[in-house]
Amino acid sequence: MGLKLHRAHPWDLAPAQAMALQGRLRTWVRLVDELPAEVRRVAGVDVGFEERGAVTRAAIAILSFPELRLVESAVARLPTAFPYIPGLLSFREVPAILAALEKICQPPDLVLVDGQGYAHPRRLGIACHLGVLTELPTIGVGKTRLIGTHPPVPDQRGAWVPLWDHGEEVGAVLRTRPGTKPLFVSAGHRISLPSAVAWVLRCSAGFRLPETTRQAHRLASG
DNA sequence: GCGACAG
DNA sequence: ATCTTGTCGC
């Protein structure tokens, strides 16, 4: 009670159909800043698996901002209904994420998603997909690269370089902590890339991954 | 045809 | 993602 789905579509699709749907959903993505004037609740979503992959387990952790203290959380378990195919990750994980979001009392002002946003072959990574369906501002935070090339990232917290794909700046490779691998940040929905980078840094506190992601991962896995 | 390939 | 112990380094 609290989440309003602004768009719905079938999930039982074949890979080719899913790819076609991504082409239609991408037209609804807005990469401009539309965050509330006061951001007080930032969320992290992550997915894990049980029963050797037969069950998908999604978790959402909502933290207060700027304190970054856990204020609400939810977990949802659904039968896994789509295989892992690079480029189609959202069709495997979003159904469970929506189920977890529906259990939340008060929707967050911003959501950090595990995986890419705009930095996707068809510009519709899981963060964009989730954002378009819920109309929540979202950011894609990937631990590894899906597409694109980039120059070396200076080994200092806050340093970042653009991620390029076919002559387009699709994301940023950000160092949240020196001596560790950088993160792949890209806009999901209702936010710009510069803002996305700034928010990932604001949601981080001494570790490579943002606190939102760490909390969500703790709930989705172990 | 040969690699690359979010989680 | 998941299957899994110890081990190298700050």
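Proteins come first, then strands; the chains are lettered A, B, ... in the order of their sequence lines, and each starts at number 1. Given the structure is predicted, the values throughout are model-derived calculations rather than measurements.
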Close side-chain approach of S195(A) to I139(A), heavy-atom, < 4.5 Å: no

Quick one: side chain to side chain donor-acceptor pair (under 3.5 Å) pairs with a partner in [range], sequence neighbours left out?
range	answer
residues 87-98 of chain A	S90(A)-H129(A)
residues 160-185 of chain A	Y118(A)-E168(A), R123(A)-D165(A), R123(A)-E168(A)
residues 147-156 of chain A	none

Under 4.0 Å protein heavy-atom contact, by nucleotide of nucleotides 2-7 of chain B - B base, S sugar-phosphate only: --SBBB

Where protein sits on nucleotides 5-10 of chain C, one letter per nucleotide: B base, S sugar-phosphate only, - none, heavy atoms under 4.0 Å: ------

Return yes if some donor-acceptor pair links the side-chain N/O of [X] with the main-chain N/O of [Y] below 3.5 Å, else return no.
X	Y	value
T138(A)	A127(A)	yes
Q116(A)	T144(A)	yes
R157(A)	L201(A)	yes
H189(A)	R30(A)	yes

Taking a hydrophobic cluster as the set of Ile, Leu, Val, Met, Phe, Trp and Tyr residues connected by side-chain heavy atoms closer than 4.5 Å, whether directly or through intermediates, do [X] and [Y] fall within one such cluster?
X	Y	result
I191(A)	L31(A)	no
L68(A)	V111(A)	no
L209(A)	F65(A)	yes

Pairing annotation in dot-bracket form, given for DNA chain B with Watson-Crick or G-U pairs under 3.5 Å and | for cross-strand partners: .......

Salt bridge (Lys or Arg N to Asp or Glu O under 4.0 Å) partners of residues 102-116 of chain A, not counting sequence neighbours, each pair once: D114(A)-K143(A)

Could you give the side-chain donor-acceptor pairs of residues 215-222 of chain A under 3.5 Å, partners two or more places apart or in another chain?
{"from": "Q215(A)", "atom 1": "OE1", "to": "R218(A)", "atom 2": "NE", "distance (Å)": "3.4"}
{"from": "Q215(A)", "atom 1": "OE1", "to": "R218(A)", "atom 2": "NH2", "distance (Å)": "2.8"}

Watson-Crick or G-U stems of DNA chain C, 3 or more pairs, under 3.5 Å, by first number: none

Report all side-chain donor-acceptor pairs from residues 41-56 of chain A shorter than 3.5 Å, counting only partners two or more places apart or in another chain.
{"from": "R41(A)", "atom 1": "NE", "to": "Q106(A)", "atom 2": "O", "distance (Å)": "3.4"}
{"from": "R41(A)", "atom 1": "NH2", "to": "E72(A)", "atom 2": "OE1", "distance (Å)": "2.9"}
{"from": "R41(A)", "atom 1": "NH2", "to": "Q106(A)", "atom 2": "O", "distance (Å)": "2.7"}
{"from": "E50(A)", "atom 1": "OE1", "to": "R77(A)", "atom 2": "NE", "distance (Å)": "2.9"}
{"from": "E50(A)", "atom 1": "OE1", "to": "R77(A)", "atom 2": "NH2", "distance (Å)": "2.4"}
{"from": "E50(A)", "atom 1": "OE2", "to": "R57(A)", "atom 2": "NH1", "distance (Å)": "3.0"}
{"from": "E50(A)", "atom 1": "OE2", "to": "R77(A)", "atom 2": "NE", "distance (Å)": "3.4"}
{"from": "T56(A)", "atom 1": "OG1", "to": "T80(A)", "atom 2": "OG1", "distance (Å)": "2.7"}

Positions of residues 157-167 of chain A (non-hydrogen atom under 4.0 Å from DNA chain B), listed by number: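 Residues of residues 157-167 of chain A that come under 4.0 Å of DNA chain B do not exist, since none gets that close.
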
Mind listing the side-chain donor-acceptor pairs of residues 21-29 of chain A below 3.5 Å, one per line with the distance, residues two or more places apart or on another chain?
{"from": "Q22(A)", "atom 1": "OE1", "to": "R122(A)", "atom 2": "NE", "distance (Å)": "2.5"}
{"from": "Q22(A)", "atom 1": "OE1", "to": "R122(A)", "atom 2": "NH2", "distance (Å)": "2.9"}
{"from": "Q22(A)", "atom 1": "NE2", "to": "G87(A)", "atom 2": "O", "distance (Å)": "2.9"}
{"from": "T27(A)", "atom 1": "OG1", "to": "R24(A)", "atom 2": "O", "distance (Å)": "2.8"}

